[in-house]
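Presented below is the structure to which this report refers.
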Amino acid sequence: MSLEHLWAGWRSEYIDRVTAGRTDAPEGGGCVMCRLVAASPDDPDAHVVWQGPGVTAALNAFPYTSGHLMVMPERHVGNLEDLTPDETQRLWAAVTGAVVAVKAAYRPDGVNAGINLGHAAGAGIPGHLHVHVLPRWAADTNFMTSVAEARVLPEALGVSWQKLRSAWPTAAGGAGAPPGGGAGA
C-alpha cells in the first residue's frame, strides 16, 4: 500500500507567510524557527506557547498528534555541541517544562521527546535545532493511521495553544519550570 496524500491547501499559505523575506534557511526559503523565536507569545497565529530567556516553545504547525510542541534555542544553531552551556541548560529546562505541560494538558500514556540533527536524521530545518515533545497514547494508532496511512487530529491548533499555555508550569508552581516562568514570561 502506498502513502495516501490528502490535500491541505492552507499549508502553502502558511509556509509562504512564515518564510517571507528570510534567507537563512535551506534553499533560501527562510528559517521558520527564527520566525517563531521572534514572534509574540500573545499572537495566536504564531502558536508560540511559551518564551523564556533564549528559548521558545511553539506548536508544530504540522503535528504528529494534537499538542505536538517544538522547543528551540533563540540562536540559529544546528548542532547540540554548538550550544553554549547556558543555552543547553535553558533548552533542557524548557523541554522539561514542555513535558510537564503536555502531561497536564493531555494526560497521555506517554510522551515522545526527541531531536533530529541533520537532514539524514530527519531534520526539516537542519540549521536551527529543535526538540519535539508530543503526547502519545497506547491506542493512538487507529484505522486511519494503520489502513489509510493518514492522521486525524481531533482539535485545531488554537485549541492546543490555549491548553498548553494554560498548562505550562509557572516559576512558583511547576517543578522543572523553564527560566522565566510561565507563558509570556
Let me check something: any side-chain donor-acceptor pairs from residues 98-107 under 3.5 Å, sequence neighbours excluded? List them with distances.
{"from": "Tyr106", "atom 1": "OH", "to": "Glu155", "atom 2": "OE2", "distance (Å)": "2.3"}
{"from": "Tyr106", "atom 1": "OH", "to": "Ser160", "atom 2": "OG", "distance (Å)": "3.2"}

>> With side chain to side chain contact (heavy atoms under 4.5 Å, CB included) as the criterion, how do Leu69 and Leu134 come out once you've worked through the C-alpha distance, each side chain's angles and the decisive distance to 0.1 Å?
In response: CA-CA 6 Å; Leu69 285 167; Leu134 56 140; over 6 Å; no

>> Testing the basics here: between Pro108 and Arg136, what is the closest heavy-atom pair and its distance to 0.1 Å?
In response: CB-O, 3.3 Å

>> Minimum heavy-atom separation for Pro135 and Ser66, please, with both atom names.
In response: CG-O, 3.2 Å

> What's the shortest heavy-atom distance between Leu157 and Pro63, and which atoms?
Replying inline: CD2-CG, 4.3 Å

>> One pair to check against side chain to side chain contact (heavy atoms under 4.5 Å, CB included): Thr56 and Trp50. What are the steps and the verdict?
In response: CA-CA 6 Å; Thr56 296; Trp50 175 87; over 6 Å; no

> Atom CG of Asp86 and atom CG of Leu91: how far apart are they, to the nearest 0.5 Å?
Replying inline: 11.0 Å

> Can you name the side-chain hydrogen bond (donor to acceptor under 3.5 Å, both in side chains) partners of Asp109, sequence neighbours left out?
Replying inline: none

> Do the two ring centres, one from His132 and one from His130, sit under 6.0 Å apart?
Replying inline: yes

>> Show, in sequence, the C-alpha distance, side-chain angles and deciding distance for Val48 and Asp42, and conclude whether the side chain to side chain contact (heavy atoms under 4.5 Å, CB included) test is met.
In response: CA-CA 8 Å; Val48 171; Asp42 296 321; over 6 Å; no

> What closest approach, in Å, do Ala57 and Trp168 show between heavy atoms, and which atom pair accounts for it?
Replying inline: CB-CH2, 3.6 Å

> What pair of heavy atoms forms the shortest contact from Leu36 to Met70, and how long is it?
Replying inline: CD1-CE, 4.0 Å

> Atom CE in Met33, atom CD1 in Ile125: separation rounded to 0.5 Å?
Replying inline: 5.5 Å

> Atom CZ of Arg165 and atom NE2 of His47: how far apart are they, to the nearest 0.5 Å?
Replying inline: 11.0 Å

> For residues 47-71, which residue pairs qualify under salt bridge (Lys or Arg N to Asp or Glu O under 4.0 Å), counting only residues two or more places apart or in two chains?
Replying inline: none

>> Distance check, rounded to the nearest 0.5 Å: His128 atom NE2 versus Cys34 atom SG?
In response: 5.0 Å

>> Please determine whether residues Val159 and Leu59 belong to a single hydrophobic cluster, defined as Ile, Leu, Val, Met, Phe, Trp and Tyr linked transitively by side-chain heavy-atom distances below 4.5 Å.
In response: no

> Taking all atoms of both residues into account, what is the closest heavy-atom pair of Gln51 and Pro41, and its distance?
Replying inline: OE1-CD, 3.0 Å

>> Within the 4.5 Å heavy-atom criterion, are Pro73 and Arg90 side-chain neighbours or not?
In response: no

>> side chain to side chain contact (heavy atoms under 4.5 Å, CB included) for Ile115 and Leu80? Distances and angles first, verdict last.
In response: CA-CA 10 Å; Ile115 184 169; Leu80 281 173; 4.2 Å; yes

> Just how far is it from atom CZ of Arg75 to atom CG of Leu129, taken to the nearest 0.5 Å?
Replying inline: 9.0 Å

>> For Glu81, is there any backbone N or O sitting under 3.5 Å from a side-chain donor or acceptor partner on Asn79?
In response: no

